[in-house]
Student: 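One structure is given below, represented as structure tokens, and several questions about it will come after.
Numbering starts at 1 and runs along the sequence shown. This is a predicted model, so every value here is computed, not measured.
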Amino acid sequence: MPVVDSADIQRFNEQAPDELRPELLRCVAVPRWADTLVDGRPYVDLADLLGVAEELTAGLTDEEVRLALADHPKIGQRTNSAWSRTEQSGVDDRDADLAERLRDGNVAYEARFGHIYLVCATGRSGAEMLADLTARLANDPVTEIGVVRRELGKIAALRLRRVIEGE
């Protein structure tokens with residue numbers, strides 16, 4: 001990813017709240033998260049912004065995590081979101097066996113936990129995600145919502161960088 005410079009942060013800090021909020025909701029679809037980041041401006045640098053975002057994500061309630069999940073496609077699912085397509089680029093659509101195993105894994109995961117399987121897919125192959133999904137099926141619900149919260153934080157940080165860079 002390109003280096004974020006002080007002009008990028010300044011632009012973020014000066015952006016109109018009604019323009020910035022929808023972009024932040026693309027990162028994490030939780031109004032409190034987006035509003036707190038908007039209201040917390042100005043940020044000194046990217047590390048400052050990402051630190052606040054990480055704290056906010058770690059503090060999401062279980063209900064807010066589920067709200068955020070509603071905005072994410074299932075792993076391996078086709079989507080209109082350019083960000084999601086890029087993030088899931090490691091899933092090879094031509095591998096029918098892997099696609100079927102991911103679909104089956106998603107069904108088992110949703111039956112077990114009551115929400116979609118979420119993983120920060122950037123840089124990971126479909127096989128790696130399937131192995132992660134399979135391993136996480138052994139988690140208890142409390143442990144798993146914590147894992148989901150951390151994965152959501154990783155995704156939020158990547159997407160927040162995109163907002164800063166003007167993607």
Student: Is there side-chain contact between R41 and L49, with heavy atoms separated by less than 4.5 Å?
Tutor: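 No; the side chains remain at least 4.5 Å from each other.
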Student: Might you work through the side chain to side chain contact (heavy atoms under 4.5 Å, CB included) test for E128 and V119, ending with a clear yes or no?
Tutor: CA-CA 10 Å; E128 287 173 314; V119 66; over 6 Å; no
Student: Output the distance between atom CG (D132) and atom CZ (R124), rounded to the nearest 0.5 Å.
Tutor: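 Nearest 0.5 Å value for the CG-CZ distance: 4.5 Å.
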Student: Taking the six-membered ring for Trp, are Y117 and Y109 parallel (under 30°), tilted (30 to 60°) or perpendicular (over 60°)?
Tutor: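 Y117 and Y109: perpendicular rings.
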Student: Hey, quick one: are L50 and L24 part of the same hydrophobic cluster, counting side-chain heavy atoms closer than 4.5 Å, chains of contacts allowed?
Tutor: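 Hydrophobic grouping puts L50 with L24.
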Student: Is the shortest heavy-atom distance from the side chain of R103 to the side chain of V107 under 4.5 Å?
Tutor: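 A side-chain contact is absent here, since even the closest heavy-atom pair is not under 4.5 Å.
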Student: Does a side chain donor of either T143 or D140 reach within less than 3.5 Å of an acceptor in the other side chain?
Tutor: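 Yes, a side-chain donor-acceptor pair sits under 3.5 Å.
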Student: Closer than 3.5 angstrom, by distance alone: can the side chain of D48 be matched with the main-chain N or O of V44 as a donor-acceptor pair?
Tutor: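 Yes: the side chain of D48 pairs with the backbone of V44.
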Student: Please determine whether residues L69 and L152 belong to a single hydrophobic cluster, defined as Ile, Leu, Val, Met, Phe, Trp and Tyr linked transitively by side-chain heavy-atom distances below 4.5 Å.
Tutor: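 Yes, L69 and L152 fall within the same hydrophobic cluster.
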Student: Do the side chains of R26 and E23 get close enough for a salt bridge, i.e. N-O under 4.0 angstrom?
Tutor: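 Judged by the 4.0 Å cut-off on N to carboxylate O distance, R26 and E23 do form a salt bridge.
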Student: Under 4.5 Å between any side-chain heavy atoms of R159 and V28, yes or no?
Tutor: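 Counting from C-beta outward, R159 and V28 never come under 4.5 Å.
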Student: Check the pair Y43, L37 against side chain to side chain contact (heavy atoms under 4.5 Å, CB included), reporting the backbone distance first and the verdict last.
Tutor: CA-CA 9 Å; Y43 296 97; L37 283 179; 3.5 Å; yes
Student: What I'd like to find out is whether the side chain of I164 reaches to under 4.5 Å of the side chain of R161, using heavy atoms alone.
Tutor: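 The answer is no; the side chains never approach within 4.5 Å.
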Student: Is there a donor-acceptor contact under 3.5 Å from the side chain of D71 to the main chain of A29?
Tutor: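 Here the side-chain-to-backbone pair does not exist.
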Student: Holding to salt bridge (charged side-chain N to carboxylate O under 4.0 Å, His left out), I want the full list of residues that pass it with R21, two or more places apart in sequence or in another chain.
Tutor: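 Only D35 meet the salt bridge (charged side-chain N to carboxylate O under 4.0 Å, His left out) criterion with R21.
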Student: Side chains of residues 52-59: which donor-acceptor pairs under 3.5 Å do they make with residues two or more places apart or in other chains?
Tutor:
from : atom 1 : to  : atom 2 : distance (Å)
T57  : OG1    : W33 : NE1    : 2.9
T57  : OG1    : A53 : O      : 2.8

Student: Using a 3.5 Å distance criterion without hydrogens, assess whether the side chain of R149 forms a donor-acceptor pair with backbone atoms of V65.
Tutor: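 It does not hold such a pair.
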Student: Do R11 and D8 pass the side chain to side chain contact (heavy atoms under 4.5 Å, CB included) test, and can you show the C-alpha distance, the side-chain angles, and the key distance before you say yes or no?
Tutor: CA-CA 5 Å; R11 203 169 29 257; D8 294 324; 2.3 Å; yes
Student: Please list, chain by chain and in numerical order, all residues satisfying side-chain hydrogen bond (donor to acceptor under 3.5 Å, both in side chains) with E151, sequence neighbours excluded.
Tutor: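 In terms of side-chain hydrogen bond (donor to acceptor under 3.5 Å, both in side chains), with neighbours along the sequence ignored, E151 is linked to K154.
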Student: Looking at side-chain heavy atoms only, is the closest gap between P31 and L67 below 4.5 Å?
Tutor: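 Yes, their side chains come closer than 4.5 Å.
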Student: Is there a path of hydrophobic side-chain contacts, each under 4.5 Å between heavy atoms of I, L, V, M, F, W or Y residues, that connects V30 with V163?
Tutor: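 As far as the 4.5 Å side-chain criterion goes, V163 and V30 are connected within one cluster.
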Student: Supply the atom-to-atom distance L46 CG to E165 CD, rounded to the nearest 0.5 angstrom.
Tutor: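 Reported value, rounded in 0.5 Å steps: 8.5 Å.
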Student: Run the side chain to side chain contact (heavy atoms under 4.5 Å, CB included) test on V38 and Q15 for me, step by step, so that the C-alpha distance in whole Å, both residues' side-chain angles and the decisive distance to 0.1 Å come before the verdict.
Tutor: CA-CA 9 Å; V38 168; Q15 192 170 354; over 6 Å; no
Student: Answer whether the closest heavy-atom distance between the side chains of E110 and H115 falls below 4.5 Å.
Tutor: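 No, their side chains stay 4.5 Å or more apart.
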Student: Going from CG on D45 to OG on S6, what distance comes out if it is rounded to the nearest 0.5 angstrom?
Tutor: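 Here the interatomic distance stands at 9.5 Å.
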